[in-house]
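Only one structure is covered here, and it is reproduced in the block below.
What you see is a predicted model, and the numbers here were worked out from it, not measured in a lab.
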Amino acid sequence: MLRWWDWNEKNMKRSGTIGRAKGVVAGLAVMVSLLATGFSQETANYPRIGTIERLDPAIGELIGEDAEIEVLAGGFLWSEGPVWVPDEESASGGYLLFSDIPRNRVMKWEEGVGTAVFLEPAGFTGPGEYGGEPGSNGLLLDQSGTLIFCEHGDRRVSMLPVGSGKMTLADRYDGKRLNSPNDAVIKSNGDIYFTDPPYGLPERWDDPRRELDFCGVYRISKETGEVTLLTDEMTRPNGIAFSPDEKVLYVAQSDPEAAIWKAFPVLEDGTLGEAQILADVTAMGAEFPGLPDGLKVDVNGNLFATGPGGVHIMSPDGTLLGRIDTGERIANVAWGDDGTVLYLTSDMYLCRVKTKTKGAGW
């Protein structure tokens with residue numbers, strides 16, 4: 001997760017203040033449209049925003065010509081960490097959970113019902129206030145359907161068993177507190193891989209509460225609960241996802257000086273080999289708002305990765321096929337419904353795009 005004012009403090013004038021002003025105008029127009037329709041849950045009445053840029057003919061196999069970006073809900077301070085929760089009792093087959101980090105909440109959106117608070121507090125349970133980003137960030141489900149949280153304020157990875165309170169899965173490495181777990185992915189054997197940049201600390205990297213002198217990518221063993229540092233080579237690791245065969249681990253780096261996605265070979269013991277840079281959008285970050293953040297993969301290994309100018313749709317070799325651009329920074333994405341619908345958490349909005357592909361694991 002990276003808020004708009006954090007992405008590059010050296011370039012606030014160039015891409016923050018001015019770009020944000022334009023975004024506010026566009027955002028107000030959408031909010032007026034939402035209010036005019038009474039936040040209607042009829043799909044035909046959802047406001048449409050943004051554009052889908054088609055840069056390679058192969059994009060036609062993934063996103064139909066008639067696809068649009070629908071705004072499902074708005075009014076959040078910074079939406080993040082979406083995850084689809086199957087529910088046989090729901091008329092639509094499930095619902096979406098996502099974090100509103102500054103408000104320390106997890107929100108629930110369901111077709112035909114709308115949006116409501118699912119959990120509060122979600123990432124910080126201490127007294128008083130804890131910076132501007134205290135809540136949960138990445139959310140995911142394990143194989144049993146248990147909800148997993150990456151928590152900023154409490155600086156841990158936790159789980160919420162059904163009918164119980166939260167349980168800590170990891171909050172330390174080598175006896176030192178984690179920075180602020182950001183995003184995570186679960187391997188088929190149940191191991192959790194997660195990233196730990198400093199964005200949840202009230203003063204980010206310069207926070208006196210920081211105990212580690214690096215930003216790591218870690219693994220929590222399903223079998224033993226052991227926390228293993230897999231790499232500390234990334235300056236600001238963020239979004240994380242496996243290839244469909246789990247032989248590659250993709251990690252986004254939200255560093256304006258090196259805005260990249262890395263591809264790590266996954267070794268037989270679950271550790272990582274030497275990484276290659278899949279794509280570098282450092283130069284693009286000077287022109288478009290945003291940095292590499294959340295990402296997901298489809299059944300054919302194509303990446304849907306948020307970055308400068310929206311969701312970058314890339315082939316497994318890093319070729320850019322197209323971009324989904326809402327006009328706002330897009331923090332993260334998730335597959336939902338039958339696996340063909342891509343949900344987007346985009347600043348103050350929750351959006352979706354119907355695709356012609358399907359998420360890995362569906």
By the salt bridge (Lys or Arg N to Asp or Glu O under 4.0 Å) test, which pairs, at least two apart or in different chains, include something from [range]?
range: residues 112-124; answer: R105-E120
range: residues 295-311; answer: none
range: residues 215-227; answer: none
range: residues 83-95; answer: none

Excluding sequence neighbours, so at least two apart, what forms ring-ring contact (aromatic ring centres under 6.0 Å, His included) with Y173?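 For Y173 the ring-ring contact (aromatic ring centres under 6.0 Å, His included) partners, ignoring immediate neighbours, are Y218.
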
Name all residues meeting the ring-ring contact (aromatic ring centres under 6.0 Å, His included) criterion together with F304; count only those two or more places apart in sequence or in a different chain, and write none if there are none.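 W335.
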
For T228, enumerate each residue passing the side-chain hydrogen bond (donor to acceptor under 3.5 Å, both in side chains) test, keeping only those at least two apart in sequence or located in another chain.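 So T228 forms no side-chain hydrogen bond (donor to acceptor under 3.5 Å, both in side chains) with any residue.
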
Which residue pairs pass the ring pair (Phe, Tyr, Trp, His ring centres under 6.0 Å) test with at least one member in residues 244-272, sequence neighbours excluded?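 For residues 244-272: W261-H312.
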
Not counting sequence neighbours, list each pair that qualifies as a ring pair (Phe, Tyr, Trp, His ring centres under 6.0 Å) and has a residue in residues 54-77.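 For residues 54-77, and leaving out neighbouring residues, the ring pair (Phe, Tyr, Trp, His ring centres under 6.0 Å) pairs sorted by first residue read F76-F98.
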
So is R236 actually on top of W205's ring, under 6.0 Å and inside 45° of the axis?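 Ring-cation test returns yes.
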
Could you list the residues that satisfy salt bridge (Lys or Arg N to Asp or Glu O under 4.0 Å) with D196, not counting sequence neighbours?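 Listed in chain order: nothing, the list is empty.
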
All N/O donor-acceptor pairs, side-chain side in residues 159-166, below 3.5 Å, sequence neighbours left out:
from, atom 1, to, atom 2, distance (Å)
K166, NZ, A122, O, 2.6
K166, NZ, E151, OE2, 3.0

For Y130, what are the other residues in its hydrophobic cluster, where any two members join if their side-chain heavy atoms are less than 4.5 angstrom apart?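 Answer for Y130: F124, L201.
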
